[in-house]
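All values below come from the heavy atoms of this structure, side chains included, with hydrogens, waters and symmetry mates left out. Counting convention: from 1, in listed order, for ligands and their atoms alike. Because the structure is a prediction, the values reported are computed rather than measured.
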Amino acid sequence: MSALIAGLEQQLRQLDSQSLRRRLRTTETPCAPRVTVDGREMLAFCSNDYLGLAAHPRIIEALAEGASRYGAGSGASHLISGHSRAHVLLEEALAEFMAPQIDSARALYFCTGYMANLALLGALGGRDADLFSESLNHASLIDGARLSRANVQVYAHGDTVALEGLLQASRAEKKLVVTDSVFSMDGDLAPLADLLALCERHGAWLVIDDAHGFGVLGENGRGALEHCGLRSPNIVYMGTLGKAAGVAGAFVAAHETMIEWLVQRARPYIYSTATPPALAHALLTSLDIIAGEEGQSRRDHLRALVAQLRDSLRLSRWQLLPSDTAIQPVVIGANDEALRAAAALHEQGLWVPAIRPPTVPKDTARLRVTLSASHEAEDVRQLARALNRLEASA
Ligand SMILES: *Cc1c(COP(=O)(O)O)cnc(C)c1O
């Protein structure tokens with residue numbers, strides 16, 4: 001064996017010995033609570049399909065219609081010839097939807113949320129910028145901060161006092177505060193109103209990654225900004241469209257001048273092939289559902305399931321984190337115990353992922369339960385019963 005391959009093999013064995021090796025599981029059926037995975041039917045609590053739209057018949061139909069109308073691929077990047085009428089219509093619909101929260105709103109559609117974050121921070125940063133990053137931010141924001149070449153300073157989770165100190169001390173011309181709205185491994189919300197007040201006082205941009213809020217939070221599904229009643233020209237909003245919206249991609253909504261800057265300067269946007277227009281076409285239907293009565297009733301049902309789960313868990317050693325969102329993590333601590341718990345649930349036909357470092361801090365390995373509007377009360381009852389029994393016997 002070559003020395004290079006042998007070196008990798010050794011590092012992989014090290015991951016095994018720390019219970020940190022990850023494994024791909026293959027699903028054969030559409031994303032739904034009941035899914036066939038590695039040949040077996042399971043009840044799943046892992047997806048980010050919070051509203052149950054990933055396999056919605058109307059959206060599937062719209063995707064097929066989009067493909068027959070616009071073809072399979074876009075053929076080029078947006079600034080060459082890949083910018084289709086379908087992309088324009090989606091961007092206009094997203095801007096109109098988000099207009100109550102953002103002044104002179106314009107929206108830009110990206111292939112993925114990961115790419116949107118790299119694009120955004122890369123285009124806003126620069127060596128003359130100070131970038132203040134929340135310590136539990138998503139990996140894509142961390143990587144975007146690195147790409148931005150800004151001077152990055154990390155503030156502790158939710159610590160607005162520490163952030164204020166950093167902002168006061170900053171002499172940079174450009175200041176950016178960057179945060180997840182809903183923290184993806186904890187399910188809690190950033191103190192967005194306080195963060196915005198600080199940003200307005202110190203002339204800083206507030207970049208909000210609402211991957212887990214868009215479609216889910218707020219009366220009309222406009223996400224964390226609507227939930228917190230916020231509106232400001234300082235806000236740069238990123239929402240993803242592969243989670244609650246059930247398809248793929250992401251968008252940035254902000255003041256039209258900011259969006260025009262991204263079109264000119266965001267390298268991952270400029271140098272990448274535009275997404276298939278059919279996806280944008282399908283997303284018009286997602287947005288229609290999110291904004292309408294069906295979205296509202298799906299959000300209500302999801303909220304009821306979250307309350308039901310929290311009411312029915314009786315844990316003592318394991319810790320259910322304080323979260324009102326669809327993300328309901330049960331912190332176990334040690335990697336091997338978290339893996340054993342996930343395996344025991346799996347035996348019972350329940351699919352809940354164990355999340356370990358480096359995704360979460362050391363000694364906080366957890367079961368990350370996510371609920372969806374496509375779950376039923378009986379599904380949640382089954383999960384709660386299994387978790388209560390498992391902790392009592394562990
Ligand atoms: C999922 C996620 C992303 C990435 O979005 P994709 O569209 O899946 O690439 C970015 N930020 C957060 C907080 C996420 O949870």
Side-chain angles (χ1 to χ4, degrees), residues 22 24 31 45-51 53-54 59 87 90-91 94 107-122 124 131 133-148 154 157-158 176-190 192 195 206-217 223-225 227 235-253 266 268-269 272-276 279-280 282-283 286-287 290 321 323 325-329 353 355 358-361 366 368-372:
R22 299 169 183 223
L24 287 166
C31 176
F45 294 91
C46 352
S47 85
N48 304 310
D49 180 25
Y50 300 125
L51 297 181
L53 299 186
I59 300 175
H87 297 125
L90 176 64
E91 288 171 345
L94 286 165
L108 197 64
Y109 178 52
F110 288 84
C111 299
T112 69
Y114 201 117
M115 195 159 127
N117 281 340
L118 298 188
L120 192 53
L121 299 186
L124 294 190
L131 188 157
S133 182
E134 145 83 52
S135 64
L136 294 189
N137 273 347
H138 189 261
S140 55
L141 289 175
I142 296 171
D143 293 355
R146 287 182 184 139
L147 260 185
S148 77
V154 176
H157 183 50
L176 299 166
V177 173
V178 178
T179 187
D180 281 17
S181 54
V182 177
F183 291 91
S184 47
M185 296 301 141
D186 291 50
D188 59 333
L189 268 167
L192 292 177
L195 293 176
L206 178 60
V207 176
I208 296 175
D209 176 339
D210 201 24
H212 301 281
F214 180 74
V216 186
L217 296 178
L225 297 181
H227 179 79
I235 292 174
V236 183
Y237 178 89
M238 199 288 290
T240 62
L241 299 168
K243 289 174 176 156
V247 185
F251 69 99
V252 175
Y269 181 80
S272 193
T273 300
T275 51
L279 296 180
L283 280 162
S286 294
L287 191 57
I290 287 172
L321 293 184
S323 156
T325 67
I327 303 168
Q328 294 291 321
I355 309 284
T359 311
V360 293
R366 63 198 67 185
R368 180 177 181 266
V369 173
T370 52
L371 297 175
S372 161

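Here the rule is side chain to side chain contact (heavy atoms under 4.5 Å, CB included) with Ser286, and of Leu90, Leu241, Leu51, Ile59 only Ile59 fits it. A side chain to side chain contact (heavy atoms under 4.5 Å, CB included) with Val178 is found for one member of Asn117, Val207, Val236, Ile208 and no other, namely Val207.
Counting atoms of ligand 1 from 1 in the listed order, those under 4.0 Å from a heavy atom of Tyr114 are 4 (C), 5 (O), 6 (P), 9 (O). Listed by atom number, the atoms of ligand 1 under 4.0 Å from Gly113 heavy atoms are 4 (C), 5 (O), 6 (P), 7 (O), 9 (O). Atoms of ligand 1 found under 4.0 Å from any heavy atom of Asp180 (numbered from 1 in listed order, with element): 13 (C).
Side-chain atoms of Asp209 and Asn137 include no donor-acceptor pair closer than 3.5 Å. Between His212 and Asp180, the side chains place no donor N or O within less than 3.5 Å of an acceptor N or O (distance only, hydrogens not considered). Side-chain atoms of Thr359 and Arg366 include no donor-acceptor pair closer than 3.5 Å.
A ring-centre distance under 6.0 Å is not found for Phe183 and His138. Between Phe110 and Phe251, the distance from one ring center to the other does not fall under 6.0 angstrom.
Of the N or O atoms in Lys243, one or more lie within a sub-3.5 Å distance of an N or O in ligand 1. Residue His212 has at least one nitrogen or oxygen atom sitting less than 3.5 Å from a nitrogen or oxygen atom of ligand 1, judged on distance alone. Polar contact with ligand 1: present for Asp209 (N/O pair, distance under 3.5 Å). Not one N or O of Ala211 is nearer than 3.5 Å to an N or O of ligand 1, by distance alone.
Of all the heavy atoms of Thr112, the ones lying under 4.0 Å from any atom of ligand 1 are found in both the backbone and the side chain.
Within the structure, ligand 1 has Ser140 among the residues with a heavy atom less than 4.0 angstrom away.
In this structure, atom 3 (C) of ligand 1 lies nearest to the protein heavy atom His138 CE1, 3.5 Å.
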